[in-house]
Amino acid sequence: MMKQPYILAGFLIGAACCPELGCVSIPSDGEQPVLATHVQDWRNEVIYQVLTDRFADGDVNNDYNVVPGALAKFQGGDWKGIEDHLDYFTSLGVTTLWISPIVKNVETDADVDSYHGYWQQDLAQLNPHFGDIEALRSMIAKAHDADIKVVLDIVCNHMGQLFFYDMNENGQPDQYIGGSGPLPTVANNSGVTNINEYDPDFDPRGVQAFSAAGDSGRAPIIFIDNPAINRVAPPGIFGTAAAYHGMGRIIDYNVEQQVMLGDFPGGLKDVATELPAVRSAMIDAFAHWVEMADFDGFRIDTVKHVEHEFWQTFGPGIRQRLAAEGKNNFLMFGEAFDGNDQLLGSYTAPNEMDSLFNFSQHYTVFQQIFELAHDKTQQKGTQQIADLWKQRLTNWSSTPQPGGIGVAPNKVPINFLDNHDVERFLFESNGDVAALRNAITLQMTEEGIPCVYYGDEQDFSGGNDPSNREIFWNTNFATTGDTFTHMAKLLKLRKAYSALRMGDTNVIWASNDIAAEDDAGIFAFERTGGDAGPQYALVVMNTNEGKSSVTANGSNVMKLTTPGVTLVDLLDPAQTTYTVASDGTLRMTVAPMQASLLVPQSQVVSGL
């Protein structure tokens with residue numbers, strides 16, 4: 001079918017060229033794609049989180065408002081930069097990119113810029129800092145050519161700081177600081193009072209207007225008109241006061257009403273996601289970008305701040321619309337920034353998420369066992385890993401989502417060490433690189449989908465935001481560092497051995513011991529069965545960095561399900577072998593903060 005030409009900057013695009021003007025054309029990778037399913041089984045994938053502004057600057061033409069080296073400002077990374085370095089991802093072994101939100105944002109607020117993409121202003125327009133639609137399509141098309149999938153980060157809970165609450169009804173945003181007595185809208189406020197009309201405290205009645213005479217009812221919501229920083233009313237329903245709860249910012253995350261209805265501190269305005277028109281607009285906006293660029297999944301921000309009924313509408317709405325256009329196995333995983341595993345699992349109810357970002361494991365395992373390995377007064381034993389994994393089997397749904405990825409959520413947690421909202425592992429662990437690499441071993445061999453935060457493979461060590469959002473191109477995209485090499489080897493093994501991707505999990509040793517006991521720090525688990533069939537892998541690790549430990553405690557010796565089998569340690573350059581006793585026991589010693597990955601000698605893949 002012939003495509004219709006369209007007008008851009010005075011040129012006729014897609015029509016015959018005019019010799020006197022020169023030819024203007026769109027490369028094939030810049031054309032709207034035909035949707036396709038690029039993933040057969042998400043358990044085969046390894047996700048890599050890319051903060052677009054920080055990864056690579058491929059097009060200097062979109063480098064405006066860049067302040068080099070100031071991590072709270074734009075640095076110039078873009079989609080062209082990602083496209084230019086797809087070989088880096090391939091060399092590491094990752095197969096899926098999760099990129100920052102792509103929509104147009106409020107440019108800046110309080111001298112901090114929206115380089116991260118979470119201050120959305122217009123869901124129908126692209127963020128010009130990262131490129132145009134042709135650049136986005138080209139990057140994704142080239143990624144697909146390299147067998148790399150692309151997941152889009154989206155936000156349904158809130159919009160950027162687009163309006164203020166006119167609490168004194170003077171038509172302009174004010175900040176009130178006073179100390180002459182309590183204000184009508186603030187309880188127990190003896191002393192100095194600070195009210196910011198951009199970001200007032202939560203009020204269950206809705207943010208209130210007031211005067212010296214007393215309360216005046218709900219404060220008017222007034223959209224800001226400042227085109228210089230793109231702080232203007234969005235088009236459509238999101239440009240109306242009715243689309244927002246208007247309760248003010250969350251001040252207590254233990255109060256459910258505030259968590260569900262409050263603005264995010266910093267003035268991010270909470271959307272009234274219970275409204276049918278809002279739900280429809282969200283589905284249409286984000287499905288549109290998949291249709292325009294051929295994304296393979298969504299990472300969904302702040303899911304615990306939105307009612308379950310929204311997700312039960314959003315999930316089927318997205319899946320059905322995309323499936324009708326040829327896009328199946330579309331992954332949707334949510335971010336609930338919470339260590340409560342039962343809460344995480346609640347968002348895998350029917351028609352909701354295919355998976356969740358595994359925050360409960362981040363805190364219980366990677367922080368308390370690996371990051372704190374240097375501090376015996378705080379480190380926990382590996383029994384916590386076994387307990388958490390067991391809980392997930394019941395906390396998370398055991399049934400695949402209708403029209404989803406075809407795998408039960410409790411089989412595909414999104415396992416991460418770091419992300420853009422938490423301090424880097426090496427910051428929290430006081431630079432303990434051995435613990436980092438051991439944690440990576442667990443991440444790449446456990447059940448679920450690994451998710452690497454950009455720079456972990458380069459030993460990035462930033463603290464809290466924005467220090468944990470470093471500039472990546474300063475590494476020169478090196479592929480020779482020890483941590484990079486370690487991760488790349490694990491990903492190569494993960495790809496080669498289906499047990500590490502598809503096998504069920506059987507924990508065979510876990511311990512509360514962390515000090516001088518024989519088994520202090522030992523954790524061991526088998527991966528076999530399930531969709532891996534007879535393929536088998538055994539992971540044995542020591543999380544104690546003070547001593548070598550043994551897979552035994554007195555007369556109690558680790559017992560496997562493979563009696564008499566000879567196992568080969570794939571992580572050992574010497575390929576050491578171990579023969580399991582006829583009763584299934586295997587006693588082995590593991591060096592401090594090291595791990596062994598063992599497979600039957602008969603299943604060893606040659607040439608790796």
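The figures that follow rest on heavy atoms only: side chains count, while hydrogens, waters and symmetry mates do not. Please read these numbers as outputs of a predicted model, since none were measured by experiment.
- At distances below 3.5 Å, not a single donor-acceptor pair connects side-chain atoms of Lys304 with backbone N or O atoms of Thr302.
- Formation of a donor-acceptor pair under 3.5 Å by the Ser346 side chain with backbone atoms of Leu343 is found in this model.
- Among residue pairs with one or both ends in residues 131-154, those qualifying as ring-ring contact (aromatic ring centres under 6.0 Å, His included) are His38-His144; sequence neighbours excluded.
- Between the side chain of Glu169 and the main chain of Met167, no donor-acceptor pair closer than 3.5 Å is present.
- Glu352 and Gln312 are linked by a side-chain donor-acceptor pair at a separation below 3.5 angstrom, with hydrogens and angles left out of the test.
- Taking a 6.0 Å sphere around CG of Asp111, one finds it holds 12 or fewer heavy atoms contributed by other residues, nucleotides or ligands.
- Of all the heavy atoms in Arg218 and His245, the pair that sits closest is NH2-O, 3.1 Å.
- Note: Phe472 and Tyr48 have perpendicular aromatic rings, judged against thresholds of 30 and 60 degrees for the angle between ring planes.
- The list of ring-ring contact (aromatic ring centres under 6.0 Å, His included) pairs with a residue in residues 269-304, not counting sequence neighbours, reads Phe298-Phe330.
- Between Asp78 and Lys80, no side-chain nitrogen of the basic residue sits less than 4.0 Å from a carboxylate oxygen of the acidic one, so the salt-bridge criterion is not met.
- When the options Trp119, Tyr244, Phe238 are evaluated for a side-chain contact (heavy atoms from CB on, under 4.5 Å) with Leu162, the one that passes is Tyr244.
- Ser100 places a side-chain N or O within 3.5 Å of a backbone atom of Thr52 that can act as its donor or acceptor partner.
- At a cut-off of 3.5 Å, with distance as the only test, a side-chain donor of Asn230 or Gln121 sits close to an acceptor on the other residue.
- Ring pair Phe164/Tyr198 is perpendicular by interplanar angle, where above 60° counts as perpendicular and below 30° as parallel.
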*For Asp113 and Thr108, what are the C-alpha separation, side-chain angles and deciding distance, and is it a side-chain hydrogen bond (donor to acceptor under 3.5 Å, both in side chains)?*
CA-CA 4 Å; Asp113 293 347; Thr108 189; 2.6 Å; yes
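- The backbone N or O of Val106 lies less than 3.5 Å from a partner atom in the side chain of Ser114, making a donor-acceptor pair.
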*Lys149 and Asp294: salt bridge (Lys or Arg N to Asp or Glu O under 4.0 Å), yes or no, with the steps?*
CA-CA 9 Å; Lys149 298 80 185 174; Asp294 200 21; over 6 Å; no
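- Partner Arg299 forms a side-chain contact (heavy atoms from CB on, under 4.5 Å) with one of Leu331, Asp153, Ile414 and no other, that one being Asp153.
- A pairwise comparison of heavy atoms in Thr273 and Arg279 identifies O-NE, 2.8 Å as the closest pair.
- A salt bridge links Asp284 to Arg321: one of the charged nitrogens lies within less than 4.0 Å of a carboxylate oxygen.
- Side-chain atoms of Lys327 do not come within 3.5 Å of backbone N or O of Gly297 as any donor-acceptor pair.
- Relative orientation of the Phe163 and Tyr165 rings is perpendicular, given thresholds of 30° and 60° on the angle between their planes.
- A donor-acceptor pair under 3.5 Å is formed between the side chain of Arg231 and the backbone N or O of Gln161.
- Contact record, Gln401 with Thr348: NE2-O, 3.1 Å, taken as the closest heavy-atom pair.
- Residues forming a side-chain hydrogen bond (donor to acceptor under 3.5 Å, both in side chains) with Asn468 (at least two apart in sequence, or on another chain): none.
- Under the 4.5 Å side-chain criterion, counting only non-hydrogen atoms from C-beta, His420 is not in contact with His116.
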